[in-house]
Enquirer: 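The structure follows.
Everything quoted here is computed from the prediction, not taken from an experiment.
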Amino acid sequence: MRVSQLFTKTLKDAPADEVAKNAQLLIRAGFVYKEMAGVYAYLPLGIRVIENIKQIVREEMNSINSNELIMTGLQRREVWEKTGRWSDDVVDVWFKTRLKDDTELGMGWSHEEPIVEMLKQYVKSYKDLPISLYQFQTKLRNELRAKSGIMRGREFVMKDMYSFHTSAEELQAYYDQVIEAYKRVYDRLGIGEDTYVTFASGGAFTKFSHEFQTITDAGEDIIYLHRGKNIAINEEVIDDAIKELGISRDELEKVKTAETGNIFNFGSQKAEEMGLDFVSADDKQHPVFMGSYGIGITRAMGVIAEKFSDEKGLVWPVNIAPYKVYLVSIGNVTEQATELYEKLQASGVTVLFDDRDERPGAKFADAELIGLPYRITISERLIEQGKLEFTYRNSGETELLTLDELLAKIS
RNA sequence: CGGGGUGUGGCGCAGCUGAUAGCGCGCUCGGUUUGGGACCGAGAGGUCGAAGGUUUGAGUCCUUUCACCCCGACCA
């Protein structure tokens, strides 16, 4: 992509109404546009980050035999009434609307009930199980207060996965597999080291659920960490958890985190409430066991923007950067720069080519704000030496390399 | 939802005790520049969030309302 063709432009000043670092940087660099409080559009650079995150999640969910689908944004009232969760007193984030004939509809804030309802048509026998399904969906939640930029919006993208099993044991085994898959996701996103599987308040079925909490000052949660034992506990269940786990409070370190994932074991409760049964080998009806697993895609992007940034701008991890290379041409080297741009792309390297007629300083500043992992500079002076300047965004370290040396490093 | 704050060209801001709106960035045109956000010159762009009121006169005062931000509460 050529910068001259990108419709967004960088801003020197962040809008005054944004305080969250992630939103300030993402807006300034042209990744997102704020439509209203808690509602952001994802621009060309932003959507490439989203897609990269989604692809990592997709690969890991596929690796545990989950099937991707996409459910509906509009939902039926009666489906939610079966579990009592249509009520605004029970679920306070509903957006609701009506058809022209006055039929009441809900706008999907979760898809747990609808997927159970859907599966009633497909699950009849133990032979149909287990099943795991996931989707990337825009969730709509009427949050009382949106905040923290893209980390807590009223409209956001979430990967939600649901698994269905014949027994509690089978569900638990899958649940454990999901934990491992999630760890791989966070590792690949570059936040694995700071992301902890955390004991949190459970549902009706289990004492605790698990959250994936990522350490960041921009977070809203407090967790207690035992680094030695690799145990993390959400503040909301600290007293219970300490008793259960037999540890003392003063062994624990208090840290601020953002919840980047959450998994629930529903047991058979949801299926019982909604009538999702299967027939076992001995011809008896049983409720299906169910788990629910979420990863906030846009929230993960916000957390990464918060964690990987400095006073100059964003610093994307290689795996999710919108492009790998920011190519800066200095002076009258259009021909050589274009040739390099094409060679890099032919080698499978994604490139944002700053072909504008701007001064070097402006290009460097934008390169740093946008935060691609590598910057390659080409100029008359460098061409004479037969070298290219190669700069790492994270360390700022620069080296002079030939094209072959450079390609060896990044492709 | 409780408390606090802010709304003035695309963005950041100024506008004192009321007198027909200004600066920086960005944008357009011309010229000079070209390794760290260039410079000179000439321009375009605003019903001052909205509605109502007070006044000869309102960005400025009053009332209502909307939006946005922060703290709190909330967050299967």
Side-chain angles (χ1 to χ4, degrees), chain A residues 7-20 23-24 27-30 33-39 80 83-94 108-113 116 139 141-149 151-154 156 158 160 162 200-206 209 211 219-221 234-236 258-259 262-266 269-270 273 290-294 296 299 311-313 328-334 354 356-370 375-385 388-389 391 396 398 400:
Chain A
F7 89 88
T8 52
K9 260 189 275 252
T10 57
L11 296 172
K12 283 184 184 165
D13 300 304
D17 68 1
E18 285 288 3
V19 171
Q24 285 192 346
I27 290 171
R28 282 184 57 209
Y33 166 80
K34 182 183 200 164
E35 176 66 30
M36 65 182 95
V39 180
W80 287 92
T83 57
R85 295 211 291 173
W86 179 256
S87 163
D88 291 324
D89 297 330
V90 177
V91 173
D92 65 358
V93 295
W94 271 119
W109 63 276
S110 160
H111 289 72
E112 285 166 357
E113 273 75 347
V116 172
K139 306 290 185 190
R141 294 189 184 178
N142 199 350
E143 296 280 357
L144 224 43
R145 180 183 166 207
K147 59 186 233 181
S148 307
M151 290 174 59
R152 187 175 180 188
R154 298 198 166 93
F156 57 94
M158 183 170 167
D160 46 323
Y162 308 96
S201 56
F205 184 74
T206 47
S209 69
E211 292 172 342
E220 301 178 24
D221 291 331
N234 194 307
E235 187 176 44
E236 66 192 16
E259 181 188 336
N262 199 340
I263 61 180
F264 284 89
N265 180 328
F266 283 122
Q269 186 200 352
K270 190 76 74 182
E273 288 172 342
M290 176 181 180
S292 168
Y293 321 87
R299 175 176 286 183
E311 61 297 334
K312 290 175 176 171
V328 173
S329 69
I330 295 178
N332 193 15
V333 294
T334 309
D354 197 340
R356 297 172 301 170
D357 183 21
E358 285 288 344
R359 296 171 67 90
K363 293 188 181 188
F364 291 150
D366 280 347
E368 281 149 358
L369 177 59
I370 290 170
R375 186 181 81 203
I376 298 175
T377 306
I378 181 169
S379 69
E380 286 167 8
R381 189 202 295 171
L382 289 158
I383 289 167
E384 279 171 28
Q385 300 174 52
L388 295 164
E389 186 182 279
T391 306
T398 287
L400 295 184

Enquirer: Which is more 5' along RNA chain B, the nucleotide nearest A/Arg85 or the one nearest A/Ala365? Just name the residue.
Expert: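 Its nucleotide being nearer the 5' end, the pick is A/Ala365.
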Enquirer: Rounded to the nearest 0.5 Å, what's the gap from CG on A/Asn262 to CE on A/Met158? Could you check?
Expert: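 A/Asn262 atom CG to A/Met158 atom CE measures 7.5 Å (nearest 0.5 Å).
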Enquirer: Generate the contact string for nucleotides 67-73 of chain B. Rules: B means base contact, S means sugar-phosphate contact only, - means no protein heavy atom under 4.0 Å.
Expert: -SSBBBB
Enquirer: With a non-hydrogen cut-off below 4.0 angstrom, is A/Ser292 in contact with a base, only sugar-phosphate, or nothing?
Expert: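 The residue A/Ser292 makes no contact with any strand.
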Enquirer: Hey, what do you get for CG (A/Asp354) to CD1 (A/Ile370), rounding to the nearest 0.5 Å?
Expert: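 Here the rounded value is 8.0 Å.
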Enquirer: Rounded to whole angstrom, note down the P distance from B/rG52 over to B/rG59.
Expert: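 After rounding to an integer number of Å, I get 14 Å for this pair.
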Enquirer: Tell which nucleotide pairs with B/rG45, taking only Watson-Crick or G-U wobble pairs whose two distances are both under 3.5 angstrom.
Expert: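 Its partner: none found.
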Enquirer: Distance check needed: B/rC1 P versus A/Asn142 CG, whole Å only.
Expert: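 After rounding, the reported distance stands at 10 Å.
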Enquirer: Applying a 4.0 Å non-hydrogen cut-off, can you work out what A/Glu236 is touching in the nucleic acid: base, sugar-phosphate, or nothing?
Expert: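 Since no nucleic acid heavy atom lies under 4.0 Å of A/Glu236, the category is nothing.
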Enquirer: Mind calculating the distance between CG (A/Asp160) and C1' (B/rA76) to the nearest angstrom?
Expert: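 Spelled out: CG on A/Asp160 to C1' on B/rA76 is 13 Å.
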Enquirer: Considering only the P atoms, how many Å lie between B/rU65 and B/rC70, rounded to the nearest integer?
Expert: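 The answer is 23 Å between these two P atoms.
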Enquirer: Between A/Glu236 and A/Ser201, is there a side-chain donor-acceptor contact under 3.5 Å, judged purely by atom types and distance?
Expert: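 A pair is found: one side chain offers a donor N or O, the other an acceptor, under 3.5 Å apart.
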Enquirer: Looking only at N and O atoms, is any donor in the side chain of A/Arg28 or the base of B/rG12 less than 3.5 Å from an acceptor on the other one?
Expert: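 Answer is no: no donor-acceptor pair is held.
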Enquirer: Between B/rU55 and B/rC62, how far apart are the P atoms? Round to whole Å, please.
Expert: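 B/rC62 and B/rU55 have their P atoms separated by 16 Å.
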Enquirer: Mind checking side chain to side chain contact (heavy atoms under 4.5 Å, CB included) for A/Glu358 and listing every partner two or more places apart, or none if nothing turns up?
Expert: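 By the side chain to side chain contact (heavy atoms under 4.5 Å, CB included) rule, A/Glu358 matches A/Arg356, A/Ala362, A/Lys363.
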Enquirer: At 4.0 Å (heavy atoms only), tell me whether A/Asp366 reaches a base, stays on the sugar-phosphate, or touches nothing.
Expert: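 Base: the residue A/Asp366, judged by heavy atoms under 4.0 Å, touches a nucleobase.
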Enquirer: What is the distance, rounded to the nearest whole Å, between atom CZ of A/Arg141 and atom C1' of B/rA76?
Expert: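 My rounded result for the distance is 8 Å.
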Enquirer: For B/rC68, which nucleotide is its Watson-Crick or G-U wobble mate, given both distances must be under 3.5 Å?
Expert: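 The answer is B/rG5, by the H-bond criterion.
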Enquirer: In whole angstrom, give the distance that lies between atom CE of A/Met158 and atom P of B/rC75.
Expert: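 Going from A/Met158 (CE) to B/rC75 (P), I get 16 Å.
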Enquirer: Between atom CD1 of A/Ile27 and atom OG1 of A/Thr10, what is the distance when rounded to the nearest 0.5 Å?
Expert: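 Going from CD1 on A/Ile27 over to OG1 on A/Thr10, the span is 13.5 Å.
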Enquirer: Now, which nucleotide makes the Watson-Crick or G-U wobble pair with B/rC23, with each of the two distances under 3.5 Å?
Expert: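 Matched B/rC23 with B/rG12 under the 3.5 Å cut-off.
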Enquirer: I want to confirm an ordering. Mapping A/Glu380 and A/Glu259 to their closest nucleotides on RNA chain B, which one lands closer to the 5' end?
Expert: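 Of the two residues, A/Glu380 wins.
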Enquirer: Using purine N1 to pyrimidine N3 plus N6-O4 or O6-N4 for Watson-Crick, or N1-O2 and O6-N3 for G-U wobble, each under 3.5 Å, what pairs with B/rC75?
Expert: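 Matched B/rC75 with nothing under the 3.5 Å cut-off.
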Enquirer: Please give, in whole Å, the distance from B/rC75 P to A/Asp89 CG?
Expert: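 Distance, rounded to whole Å: 13 Å.
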Enquirer: Might you list the N or O atoms of the protein lying below 3.5 Å from N or O atoms in nucleotides 22-32 of chain B, with each pair's distance?
Expert:
unit_1, atom_1, unit_2, atom_2, d
B/rC25, O3', A/Lys12, NZ, 3.4

Enquirer: If the C1' atom of B/rC39 is compared with that of B/rU33, how far apart are they to the nearest Å?
Expert: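 Between the two C1' atoms, the distance is 7 Å.
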Enquirer: Suppose you measure atom P in B/rA42 against the same atom in B/rG49; what distance do you get, rounded to whole Å?
Expert: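 Between the two P atoms, the distance is 31 Å.
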Enquirer: When you compare B/rG3 with B/rA76, how far apart are their C1' atoms, in angstrom units rounded to a whole number?
Expert: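 Each nucleotide's C1' atom is 29 Å from the other's.
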Enquirer: Rounded to the nearest angstrom, tell me the gap between atom CZ in A/Phe364 and atom C1' in B/rA38.
Expert: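 Taking atom C1' of B/rA38 as the reference, CZ of A/Phe364 is at 15 Å.
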Enquirer: In terms of side-chain heavy atoms of A/Pro15, which of B/rG12, B/rG35, B/rA76 is nearest?
Expert: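 When the side chain of A/Pro15 is considered, B/rG12 is the closest of B/rG12, B/rG35, B/rA76.
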Enquirer: When the P atoms of B/rA50 and B/rA58 are considered, how many whole Å apart are they?
Expert: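 Going atom to atom, P in each nucleotide, I get 15 Å.
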Enquirer: In whole angstrom, what separates A/Asp354's CG from B/rG37's P?
Expert: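 From A/Asp354 CG to B/rG37 P: 15 Å.
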Enquirer: For the pair made of CG in A/Asp357 and C1' in B/rG37, what is the distance, rounded to whole Å?
Expert: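 Atom CG in A/Asp357 sits about 15 Å away from atom C1' in B/rG37.
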Enquirer: With A/Arg85, which residues qualify under salt bridge (charged side-chain N to carboxylate O under 4.0 Å, His left out), at least two apart?
Expert: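 So A/Arg85 forms a salt bridge (charged side-chain N to carboxylate O under 4.0 Å, His left out) with A/Glu112, A/Glu113.
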Enquirer: Partners of A/Arg141 by salt bridge (charged side-chain N to carboxylate O under 4.0 Å, His left out), sequence neighbours excluded?
Expert: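 For A/Arg141 there are no salt bridge (charged side-chain N to carboxylate O under 4.0 Å, His left out) partners, ignoring immediate neighbours.
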Enquirer: Using a heavy-atom cut-off of under 4.0 Å over every strand shown, decide if A/Leu11 touches base, sugar-phosphate, or nothing.
Expert: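 Answer is nothing: A/Leu11 stays at 4.0 Å or more from every strand.
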Enquirer: Table please: side-chain donor-acceptor pairs of residues 13-20 of chain A below 3.5 Å, with sequence neighbours left out.
Expert:
unit_1, atom_1, unit_2, atom_2, d
A/Glu18, OE2, A/Lys34, NZ, 3.0
A/Glu18, OE2, A/Tyr40, OH, 2.7

Enquirer: For A/Arg356, report the nucleic acid contact type (base, sugar-phosphate, nothing); a contact means any heavy atom under 4.0 Å.
Expert: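 Here A/Arg356 touches no strand at all.
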Enquirer: Using modelled atom types and a 3.5 Å cut-off, is there a donor and acceptor pairing between side-chain atoms of A/Arg28 and backbone atoms of A/Leu11?
Expert: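 Judged by distance alone, yes, a pair lies under 3.5 Å.
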Enquirer: If pairing requires Watson-Crick or G-U wobble contacts with both distances under 3.5 Å, which nucleotide is the partner of B/rU32?
Expert: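 Matched B/rU32 with B/rA38 under the 3.5 Å cut-off.
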Enquirer: Counting the atoms with a prime plus P, OP1 and OP2 as sugar-phosphate, which does A/Glu389 contact under 4.0 Å by heavy atoms, base, sugar-phosphate, or nothing?
Expert: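 Touches a base.
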Enquirer: May I ask you to decide if A/Asn142's main-chain N or O and A/Arg154's side chain share a donor-acceptor pair within less than 3.5 Å?
Expert: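 No; zero donor-acceptor contacts below 3.5 Å.
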Enquirer: How far does the C1' atom of B/rG7 sit from the matching atom of B/rC40, given to the nearest Å?
Expert: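 That atom pair is separated by 36 Å.
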Enquirer: Is any side-chain heavy atom of A/Asp221 closer than 4.5 Å to one of A/Glu235?
Expert: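 No, too far: nothing below the 4.5 Å cut-off.
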Enquirer: Going by the angle between their ring planes, with limits at 30° and 60°, are A/Trp94 and A/Trp109 parallel, tilted or perpendicular?
Expert: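 Because their plane-to-plane angle is over 60°, the rings of A/Trp94 and A/Trp109 count as perpendicular.
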Enquirer: Does A/Arg359 put a side-chain nitrogen or oxygen below 4.0 Å from OP1 or OP2 of B/rA38?
Expert: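 Yes, within the criterion.
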Enquirer: Quick one: label A/Leu369 by what it contacts on the DNA or RNA (base, sugar-phosphate, nothing), any heavy atom closer than 4.0 Å.
Expert: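 Counting heavy atoms under 4.0 Å across all strands, no contact is made by A/Leu369.
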